[in-house]
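As the structure is a computational prediction, the values presented were derived from the model and not from experiment. Just so it is clear: chains get the letters A, B, ... in the order the sequence lines come, proteins before strands, and each one is counted from 1.
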Amino acid sequence: MNNIIEIKGFKKYFGKLHAVDGIDLEVKKGEIFGFLGPNGAGKSTTIRCLMGFNKLTDGSISVFGHDMSKDPNTAKKQIGYLPGNVKLYDSWTGWDHIRFFENVRGKSSNLENLIDRFDFNPSLKFRHLSSGNKQKLGLILALMHEPKLLVMDEPTVGLDPLLQNEIYKVLMEMRDSGTTIFISSHNLPEVERLCDRVAIIKEGKLVAVENIKALGDKKLHKIEVRFGNKFDVSEFAINGVEKVEEISEGLLITVGGDLNPVLHALAKHKIIDLEITHASLEDVFMKFYERDA
Amino acid sequence: MFVFAVRMLRDKWKSFVIYAIAAVAFLEMYIALFPTISQQAGQFNELLKTMPPELFKAMNMDPATLSFGNLQSYLSSEYMSFLWPILAVIFAISLANYISVSEIDKGTIETLASLPAKRIRIFFERYMAGLLLLIGFCIISLFGAIPLAIIHNTDFIIGNFYTATIGSFMFIWAVYSLATLFSVIFSEKGKATMASGGILIIMYVVFIVSTLKESLKDLQYISFFNYFSGSDLLAKNTYPEFSILVLGGFAVVVAIVAAFWFNRRDLSV
């Protein structure tokens with residue numbers, strides 16, 4: 001089976017609110033798939049339906065070939081789930097959570113390894129843990145049965161950079177060992193660093209599903225230029241220019257496609273400083289969002 | 001096996017012990033006072049005769065059985081008519097809330113739902129664990145009177161306590177099922193508790209009104225309090241079969257509806 005997740009015509013409405021309005025998506029075996037979008041775009045709703053927590057209004061979601069509306073439990077045996085801001089039982093210790101999960105899922109073979117790796121003390125009650133340690137416990141619970149699919153909903157929200165890096169390392173190792181990872185985020189550097197492919201969701205609809213490299217190669221450039229003479233912004237309203245912003249003694253020009261027309265326009269001026277960079281994923285992301293806005 | 005039931009028992013045992021101790025403490029207080037009160041039973045009974053019959057109806061008591069001359073009648077009026085139902089109802093609602101709405105309210109339901117276990121299994125394991133705790137509460141809170149009566153050299157009729165335990169359990173089982181239904185319908189604990197408490201208050205008011213006003217007499221049948229009388233159970237040692245059928249039938253049907261609802265609803269909101 002090449003596709004671990006298959007989403008077809010998925011809709012989720014809450015009364016008049018169309019949280020997700022017809023998306024189709026496939027996640028292949030062994031890839032880290034990023035699910036991008038700002039707050040309220042429909043990321044968490046999709047994940048909740050993907051995990052079988054919520055019912056679909058229309059369409060279908062299957063994981064490992066199992067329809068998550070009809071038979072979610074067979075698939076859940078192979079899924080590890082980590083929400084952002086993990087919410088567990090305040091009065092239980094880490095061990096209570098771990099034993100409870102083991103009683104349902106079976107004995108874990110890599111528990112000791114995970115506890116050591118995250119330097120986690122399972123003897124403390126959940127309510128006494130810091131937010132970082134809460135997330136560590138969530139991660140241990142998600143990974144302890146060595147899932148073949150890891151679903152994560154903004155897993156590094158509010159974590160310090162050290163723990164973020166440790167999580168990234170674990171995810172890369174899991175990907176290398178064949179685990180498929182579906183990660184929702186609005187942290188673009190995180191997605192850029194981790195993911196093989198991304199889907200961008202906007203107001204409940206997918207606006208793009210791209211290979212991360214292809215997204216970066218969209219020939220979107222940023223030109224920061226400072227002039228030694230007078231200039232007119234309107235000179236740069238030419239084909240391919242996405243955006244022109246005035247900065248001190250110059251312009252910040254975002255160009256999609258061929259750079260040459262802009263370089264010709266720039267050549268007519270005395271230039272003090274010029275920097276041309278590939279746009280970041282964030283710029284590409286913003287482009288998708290600003291389009292049709 | 002029974003992971004979710006065992007976990008609920010572990011999580012709720014402290015509440016169970018607190019409610020059970022509270023009930024036994026009240027029993028001890030009443031039974032310790034009983035020898036003194038029973039010596040002046042004649043005066044108390046005369047005093048009771050001066051009170052309006054409507055007052056007894058409002059307290060769900062039968063004036064005919066109201067006597068401080070024996071332990072059963074005394075406890076039925078002092079303990080079973082008001083205090084025991086309050087303790088039991090609060091405990092039942094807290095158990096019912098644990099099944100679903102507390103988890104949804106706190107957001108822990110996602111962790112639970114991410115496990116490979118059928119929702120129906122989670123629901124019924126928890127429901128049955130709650131029921132087990134309620135059975136334990138009924139036994140301790142009523143049979144707890146027996147050792148205390150022995151300690152205080154007070155006569156008792158054990159058969160009346162059997163009847164009272166069965167009748168009280170049927171009542172609280174129906175309350176528990178109703179609260180469970182609200183627990184699976186609502187996503188906020190406060191709303192579920194208010195709904196359960198509100199319905200019970202309405203039932204109580206309906207029952208009182210129906211006993212006071214002849215034209216509204218038939219309304220009594222929609223109230224749980226029509227099928228639960230401390231006087232009948234403990235003092236008279238009677239429990240009509242239709243009460244078992246109505247409360248038990250209601251409890252079973254409503255539990256099935258709640259299970260169906262829990263299986264269909266969006267858990268993460």
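The interface of residues 4-24 of chain B with chain A, defined by heavy-atom distances below 4.5 Å, comprises B:F4, B:R7, B:R10, B:D11. Heavy-atom neighbours of chain A within the stretch residues 102-111 of chain B, taken at a separation under 4.5 angstrom, comprise B:E103, B:K106, B:G107, B:T108, B:E110, B:T111. Along residues 185-193 of chain B, no residue comes nearer than 4.5 angstrom to chain A, judged on non-hydrogen atoms.
Annotation for A:F120: atom CZ counts as buried by contact number, over 12 foreign heavy atoms lying within 6.0 Å. Annotation: B:F250, atom CZ; neighbour count of heavy atoms from other residues, nucleotides and ligands within 6.0 Å is above 12. Around the CE atom of B:M194, the shell of radius 6.0 Å holds no more than 12 heavy atoms that belong to other residues, nucleotides or ligands. Counting heavy atoms of neighbouring residues, nucleotides and ligands inside a 6.0 Å radius, atom CZ of B:F2 does not exceed 12 of them. For A:K148, the NZ atom sits in a loose shell: 12 or fewer heavy atoms of surrounding residues, nucleotides or ligands are nearer than 6.0 Å.
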Note to self: A:F100 vs B:L112, test: side-chain contact (heavy atoms from CB on, under 4.5 Å). Steps then yes/no.
What the structure shows: CA-CA 10 Å; A:F100 180 66; B:L112 194 69; 3.9 Å; yes
Checklist line | Worked verdict on B:S114 versus A:M51 for side-chain contact (heavy atoms from CB on, under 4.5 Å) | finding: CA-CA 7 Å; B:S114 71; A:M51 287 298 298; 3.9 Å; yes
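Using a 4.0 Å cut-off between charged nitrogen and carboxylate oxygen, B:K118 and A:D71 do not count as a salt-bridge pair.
Using a 4.5 Å cut-off between heavy atoms, A:Y81 touches chain B through its side chain atoms alone.
The ring pair (Phe, Tyr, Trp, His ring centres under 6.0 Å) contacts involving residues 127-157 of chain A comprise nothing, where partners must be two or more places apart or lie in separate chains.
Per-residue heavy-atom pair counts under 4.5 Å with chain B were compared for A:L88, A:T45, A:D90, and the maximum is reached by A:L88. Chosen from A:N85, A:V151, A:D96, A:L82, the residue pairing most often with chain B at heavy-atom distances under 4.5 Å is A:D96.
In this structure, A:N73 contributes its side chain and B:A117 its backbone to a donor-acceptor pair below 3.5 Å.
Atom CZ of A:R105 sits about 5.5 Å away from atom CG of B:L115, to the nearest 0.5 Å.
When all heavy atoms of B:P116 and A:K77 are compared, the pair lying nearest together is CB-CG, 3.6 Å. When every heavy atom of B:R119 is checked against every heavy atom of A:N54, the shortest pair comes out as NH2-N, 4.3 Å.
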